Structure formats: C-alpha cells, structure tokens
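Values in this document were obtained by computation on a predicted structure and should not be read as measured data. Because only heavy atoms are used, hydrogens play no part in the values below, and waters and symmetry mates are left out as well, while side chains stay in.
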Amino acid sequence: MKNRLLWKLFSIIAVGTVIFFWLIDLVASHTEESMSYIDQSYRAELRAYAKDAEHILYEEGEDALSLWVKEIEEKENTWIAISRPVINNLADTQLSDAYLSTFTLGRDLEWKIHLYFSENPTMDIPFDDGVTRFLIQLPQRMRPGKNLFIIDLLLQIALPFLILCLITFILYRYVMKPLKRLEKATRRFSEGDFNVRASEALTQRNDELTRLSSTFDNMADRISTLIIDQRQLLADLSHELRTPLTRLNIAVDCVEQDLDSQNALERLRYESSNMQGLIDDALTLAWFNTESPQLILEKVDITSLLQIIVDDAQYEFSQHAVVLKQPDQTLFINSAHQALTAAIENIIRNGLFHTPKGKTLTVELKPESQHLLIEIKDQGCGVPEEYLEEIFKPFFRIKQGHQKNQTDERSVSSQKSGYGLGLALAKRQILALGGSIHAKNIDKETETGLMVSIKLPYNAS
C-alpha cells in the first residue's frame, strides 16, 4: 500500500482525536455528576434543622419556632418555611395515591442540584407526620460545585493540552525514531564507517521512512563500493606502474650511456605504449564504476562488427586460427558501437593470449528470442572453478602454477601484454549496455579451454 506513513499518522490522529473528545466528555460528565449532590455533612445539618424545628413546634409552640426560624435565617442568610400543604381537587377529580406519596413542595436532599442555575433550590424535608414539611432555600455555603469555574478551566484547557501533548509526543516518537537512526547512520558513514546501515533496526516497519532508510542503504552500498574500488584501483594501478617505470628508467639509462640504444628505444616505445594503454583502461574502468553512464545507443550491424573484430584479431595473432560462426542474414541491435567493440575485443584478446600457438579461438553468434548470445571459446588451459567470477575483477591474474591444465606454451600479442583490466572493463561495458557476461570451463575429451558468454538485448521483430 502506498503512503503507509500517511495512513498511519491519519489513524493515530483520528483515533487520538476521538479518544480526546470522548475522554473530555467522560471526565466532564463524571466530574459534574460527582459535584451535583449536596455533601453528606450538609445533608446531616439540614436534617438536624428539620428535627429541631419539629421538636420546637411540638414541644415549645409556634412562637418559639418563629424565633428559631428567624435565628437560622439570619445565620444561613436564607429563608425557611414550615408548611402543611392543602390540596383542593375540582370537578370531582382525585390525585392518585402514587402521586400523593411522592408529592413535595421542594427538592429532596438526595436529588441532583443543577450547577448552572443562578438561584439556590428549595429543599423539602418532611416531618415524622408525613404532612408537615420543613422548607429551606439551600444556603450558599452548602451549594455543590463551589470550584466549578476552576474545574471547567482544567477540563477545557489543562486536560486538552495534556492529551494533545501526549498525541504529539507519540507522533514525534513514531516519526523521529527512524530519522534519528538515519541521522546516526549518516554521521557514522560521514566519519568513515562504510559498513553502517540504517534499515537494520527498522525491520518492523514498512512505510516511507523505511523506504528512505533502504534508499540510504543502497546509496551507502554504492558509495562504499565505489570508494573501496577506487582505493583498490589506485593501489593496483600504482603497483602495476612500478615495473614499466623501472624498465623505462633502465632504458633511459641505456640511451644516456649509449648502450644498445636501438633496443633501448624500442623498449621505451613498448613500455610507453603499455603504460598509455594501462592508464586509458584504468580511467575508462573508473569512469564506468563511478558514473554508471547511460550509453547512447544506435543501430549496430552485429554481424559486420564481429567480422571486423575477428579479422583484426587474426591479423594481430597471426599464429592462431580465429573462426567466426554466425547466421547468413544481417542482424541489427540497439547498442553503443564503441563500448561493444572494445568489450568483445578485450575478451577475444584475452582468449588468444591464453591460447597456445597453432590453436583455435571460436566466436559464435546465436540469435535467441529475447537476446543475442555471443560465445567466445578458446583452447587454453581454462580457469580453476573458484576463479571464474574473480577473473572479471580489475588487475586479477592467476598466478603461475594455479592455472587449470597449465602448459608453458602461451601466446603473447605482438603489440601489448595484459595487466588484468581487459575482462573487468569488458564486464562493465556489457553491463552498461544492458547485457550480461559469464565464464565457464570447457572440459571435454575433444577440447578444453574457457568459454565466455555474452548476452545482449535483442528484439527479433
């Protein structure tokens, strides 16, 4: 599902908002409910007033009761009445017994008090005779909800503020936790820890932040690989340049001392050519590794291209047989002419370099449904199985004595020897063209050697 983080944040905010209003309503209702009843101590006082009034009425008379009532009214700043209600029914109608049993002139002490009414209610406490009733306007000091204003402020400001802070904190933790890990990984990577990755701790998530971490990891993989490869390339290149530079210095000394000057000049030309080729190949390889270039494709006649490459190889390695097998019809592919030519030439030159004199190298083109297959088979000594992938790494060369079915009779081109960059450069070029390249040994009774297979995109239509 796209926009997972959006939906998660939406869920948190939506659920949090619902809980927010529900909680405020619940707390407000519960608080108001609990504040709407007269305190038990005040109820006891009011009942005591009613008992005192009843006692004075029946023991001391109405005059004494009148004095007592005035005293309590002044004390509580309220009014009091002692009443016996008389009901006159008209038109031969009667009140039901159920109604009469619950009939009151004021509010019962157990009833809820409306906190938002401006006037205090009249409380009704019956005497023991069930007829006479003690009526008193609830004294202000006994009115419930004294702290209603403060409670309203807490419910309307403090509680919403706390809940919104909690929701904000949850969202902050949810979003910032992976971002802090990404920040930590970025800082460690910038300090030189190229093995650090950000998504290792985010396996429980699957949202935009996880994809951001994965993007960082892909970037870190590529950058760390590039840095390591560049460091290795520089180290290998500096190592490879030492030998020809030493030979160049020796040749220069010979020229300066006029010792075999002709051979020394030939050596200078040879080493200079080798060094130029080495540097050109190294720079091209570094460009492919660093830039991952998108090559400009054009329509290429692959059959004619292979014929030209094979003819050039046959001329360069005149003591070998180079055989080309391909269909009679002309085949066109979308490719980069220069990169494809260089890749195939490097593979063929490598095969001929490891093929004994008088042996044959075969180049075969096979059109298939979704791609073209180019198989380049030499008749050399092959490569140990564990090195079949390693041979495509820069400056990789198998040491003497480790080659499969080794013979001492190897061919050397008249133009230049290898430095271990040909196959590495060929692989980068083929990959840049959208193809693939693999190597495997030929181990048959009739032939041995190495076969390099190249697959190139091809649309038969």
Side-chain angles (χ1 to χ4, degrees), residues 1-37 39 112 114-116 144-232 286 288-294 431:
M1 180 174 61
K2 294 183 178 180
N3 303 323
R4 285 181 175 268
L5 182 60
L6 171 64
W7 290 108
K8 289 179 181 179
L9 294 178
F10 174 79
S11 300
I12 293 175
I13 294 174
V15 173
T17 303
V18 172
I19 294 176
F20 168 72
F21 286 110
W22 172 79
L23 187 59
I24 289 180
D25 180 70
L26 178 65
V27 174
S29 300
H30 177 74
T31 303
E32 185 174 331
E33 181 77 13
S34 62
M35 293 178 63
S36 298
Y37 295 93
D39 188 82
K112 184 190 295 186
H114 295 291
L115 302 179
Y116 301 100
K146 293 179 182 178
N147 299 321
L148 182 61
F149 177 74
I150 297 176
I151 297 300
D152 282 344
L153 287 179
L154 292 176
L155 293 179
Q156 295 176 14
I157 298 177
L159 182 61
F161 177 78
L162 292 176
I163 295 177
L164 289 175
C165 286
L166 178 61
I167 295 176
T168 303
F169 177 73
I170 292 174
L171 291 175
Y172 176 81
R173 283 289 304 273
Y174 187 79
V175 174
M176 290 303 299
K177 189 176 181 180
L179 290 180
K180 286 183 177 179
R181 288 174 178 166
L182 181 60
E183 177 191 12
K184 182 179 178 180
T186 305
R187 183 173 61 255
R188 289 175 57 190
F189 190 85
S190 66
E191 293 171 353
D193 184 2
F194 299 133
N195 294 321
V196 65
R197 296 296 179 266
S199 61
E200 295 175 353
L202 300 178
T203 55
Q204 303 292 332
R205 300 173 61 123
N206 184 19
D207 54 25
E208 289 86 338
L209 295 177
T210 309
R211 292 195 288 273
L212 176 61
S213 299
S214 299
T215 303
F216 171 84
D217 289 351
N218 293 334
M219 179 198 70
D221 287 337
R222 174 163 174 74
I223 292 177
S224 60
T225 300
L226 288 175
I227 292 174
I228 293 172
D229 287 348
Q230 291 301 316
R231 288 176 177 175
Q232 186 63 44
F288 273 100
N289 286 338
T290 304
E291 302 297 333
S292 296
Q294 296 293 326
L431 292 178

Report the distance from atom CG of Leu179 to atom OG1 of Thr186, rounding to the nearest 0.5 Å. 10.0 Å

My understanding is that only residues two or more places apart in sequence, or in another chain, count here; which of them pass salt bridge (Lys or Arg N to Asp or Glu O under 4.0 Å) with Lys180? none

Holding to salt bridge (Lys or Arg N to Asp or Glu O under 4.0 Å), I want the full list of residues that pass it with Arg187, two or more places apart in sequence or in another chain. none

Non-neighbouring partners of Leu171 that pass side-chain contact (heavy atoms from CB on, under 4.5 Å), sequence neighbours left out: Leu9, Ile12, Ile13, Ile167

Minimal heavy-atom distance between Phe189 and Ala220, with the atoms involved, is CE1-CB, 3.7 Å

